[in-house]
Amino acid sequence: RLASHYAAGMRSAGHEIASFALEVTLPPSIPMRQAATRALLVEALRGVSAENAFSSPPATTELRDAFRATLVPALEATAIDRVTNRVRHDPNAPFKFALLFEHERCRSEAGFATRKAEEHGNRDGRNRKRRAPPPQLQLATLPDSPAATWQRVGAAYNISEKRAAEAFTTVASFEADEYASRAMAAVRGESRDESRESRKTNGRATCRLFPWHAPCYLGGRYLKWKRGVPQSPWFADGGVVGEGSVQTSLETFVVKAFKSRGCRLNSAGREDMDVRMLGGGRPFILEVHDPKRPGAFAEESERQEMESFLADDNDGAVTATNSHVVPREAYITMHEGSAEKRKTYTAVCWASRALSETDLSTLTTRCSGLTVHQKTPTRVLHRRTSATRPRVIHDAKAFAVKGSPKFFLLELTTQAGTYIKEFVHGDFGRTSPSVGSILGCEADILQLDVTDIEMAFGGPGGEEPGEEE
């Protein structure tokens, strides 16, 4: 009956699964009580043994392991999948079924462990406070992974288990500690409150079921054809900044295809909101959270359907090519490649004086192979470390705009991480040399497009788009 109940919980979220990994997380008070039981057993056996043969705790099986070993066969026999007619247990399966047991006396008997686990979680950089959308907009937000809950409780269990093994091996050691004495009292059938008075009582335990699938990853290249579109949702002053975002455009189709709870976008760098991403596109990976249909995008037809959908959605402001499922390790490949890549830009620029062909020729010659030193731009100083970074302009070409001698086009191929806008206007001397300093006049940038990113990021079968694409 219990296995049937758990199997129903496993299927309750509607995941398509062929295997599962059972995660059992017990209250952190359990290791304390197990240690207390061993201490009492050793003391009792020592009293009846003249040879003092029972001076160390006898070997025991952890309750967690015993429960898992009993439950797994029952779940395999009960949890029948509609497609495969059989669901097997695999410790490495991406579908996790977690049983989280909690007890009302955890904080009184193992408070040191729960407190330390919470402090560690709060120090984790991934849990830093994120900029949230204004509540009045009622926008959908990505839910936190259920894994975080059972990992926090599991960390508290491990902390409690380690301390119980190291510090509490005798009845006397339990009685001398505030938390341990309560665990010992519970094993004896009593409950010791903060006044250290014992009283008979029963505690309540609860069990929560967490069916959850590890993220899937969808890679590809996105193109942004419209200015005013940020890469990720941007909120400021109680409202939305920009027209949608690259992430929301991509995830609209993906969330439905994977039957997911949400996505998170990672890419090989990012362009400003007012900059278009053209050419072959920017490599990206969408982290698809808790997919109920993890086999999505296995067929070429579904990938083509997504690309057609994006071409029609929002006037085709954001499109994608070469979309394909990638392994988690592709994150490392993408970010390593992004640090080494070259990027090509086309910029519409202005000078404070009329430029001659000689000026443009000089600009082309001097900027090609040029190393510039860029201090952190003033526009991002509030969120980035102040530092001076050398960057290389690999190639440059300047072209006149017919009939407008103060305007010119600038094509640049640069090292990753180069601030193009600052390279043109100089950022109050914080970028040196700059286009303005080379021309000997003021210069500014009016429009900027990324036209190419030289970086391998293959699709199905590992191929890259050809030149015609």
Side-chain angles (χ1 to χ4, degrees), residues 11 13-20 81-85 87 93-96 140 142-143 145 211-226 229 231-233 244-268 277-331 333-334 453 455-466 468-469:
R11 296 190 300 265
H15 292 85
E16 296 177 4
I17 56 173
S19 60
F20 69 95
D81 182 71
R82 295 177 182 176
V83 178
T84 63
N85 293 323
V87 177
F95 176 74
K96 313 293 182 183
L142 183 65
S145 162
W212 177 78
H213 198 287
C216 290
Y217 301 92
L218 185 74
R221 289 175 177 264
Y222 76 78
L223 295 96
K224 189 176 78 177
W225 303 93
K226 188 177 182 180
V229 179
Q231 191 181 71
S232 56
S245 71
V246 174
Q247 176 176 312
T248 52
S249 294
L250 294 174
E251 72 178 4
T252 299
F253 184 88
V254 173
V255 167
K256 293 180 180 178
F258 280 94
K259 297 182 179 179
S260 166
R261 304 175 69 187
C263 297
R264 183 169 286 119
L265 176 65
N266 278 265
S267 64
M277 179 64 242
L278 307 177
R282 185 183 297 276
F284 74 88
I285 294 177
L286 269 179
E287 183 179 316
V288 185
H289 286 249
D290 193 21
K292 295 179 176 60
R293 184 175 170 256
F297 285 85
E299 301 294 333
E300 175 65 24
S301 58
E302 196 160 16
R303 297 192 288 267
Q304 292 177 351
E305 186 179 352
M306 173 186 172
E307 295 172 9
S308 298
F309 171 83
L310 290 173
D312 296 333
D313 185 52
N314 193 23
D315 295 328
V318 177
T319 60
T321 64
N322 204 28
S323 56
H324 57 286
V325 175
V326 298
R328 190 175 190 274
E329 291 73 24
Y331 268 124
T333 303
M334 183 179 72
I453 296 178
M455 175 182 166
F457 191 67
E463 73 273 8
E464 275 290 316
E468 292 184 358
E469 293 186 359

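This structure is a prediction, so every number in the text was calculated from the model and none was measured.
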Quiz item: Between Leu310 and Phe253, does a side chain to side chain contact (heavy atoms under 4.5 Å, CB included) hold up when you go through it step by step?
Solution: CA-CA 8 Å; Leu310 290 173; Phe253 184 88; 5.7 Å; no

Are any non-hydrogen side-chain atoms of [X] and [Y] less than 4.5 angstrom apart?
{"X": "Thr248", "Y": "Pro233", "value": "yes"}
{"X": "Leu218", "Y": "Met306", "value": "yes"}
{"X": "Met277", "Y": "Val318", "value": "no"}

Can you sort out the partners of [X] under side-chain hydrogen bond (donor to acceptor under 3.5 Å, both in side chains), two or more places apart, ordered by chain and number?
{"X": "Ser249", "value": "none"}
{"X": "Lys226", "value": "Glu243"}
{"X": "Gln247", "value": "none"}
{"X": "Thr252", "value": "none"}

Quiz prompt | Residues in salt bridge (Lys or Arg N to Asp or Glu O under 4.0 Å) contact with Glu302, at least two apart in sequence or another chain | solution =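 So Glu302 forms a salt bridge (Lys or Arg N to Asp or Glu O under 4.0 Å) with Arg293.
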
Residues two or more places apart in sequence or in another chain: which of them pass side-chain contact (heavy atoms from CB on, under 4.5 Å) with [X]?
{"X": "Lys292", "value": "Ala13, His15, Lys259, Arg261, Asp290"}
{"X": "Ile285", "value": "Tyr217, Val326, Ala330, Tyr331, Met334, Phe457"}
{"X": "Thr333", "value": "none"}
{"X": "Ala93", "value": "Ser19, Ala21, Asp90"}

If I take atom [atom1] from residue [X] and atom [atom2] from residue [Y], how far apart are they, to the nearest 0.5 angstrom?
{"X": "Cys263", "Y": "Glu287", "atom1": "SG", "atom2": "CD", "value": "9.0 Å"}
{"X": "Lys224", "Y": "Arg282", "atom1": "NZ", "atom2": "CZ", "value": "8.5 Å"}
{"X": "Ser308", "Y": "Asp313", "atom1": "OG", "atom2": "CG", "value": "12.0 Å"}
{"X": "Glu307", "Y": "Asn322", "atom1": "CD", "atom2": "CG", "value": "7.5 Å"}
{"X": "Leu278", "Y": "Ile453", "atom1": "CG", "atom2": "CD1", "value": "10.5 Å"}

Exercise. Report the residues that fulfil ring-ring contact (aromatic ring centres under 6.0 Å, His included) with Phe258, sequence neighbours left out, ordered by chain and then residue number.
Key: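 Checked Phe258 against ring-ring contact (aromatic ring centres under 6.0 Å, His included); matches are Phe297.
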
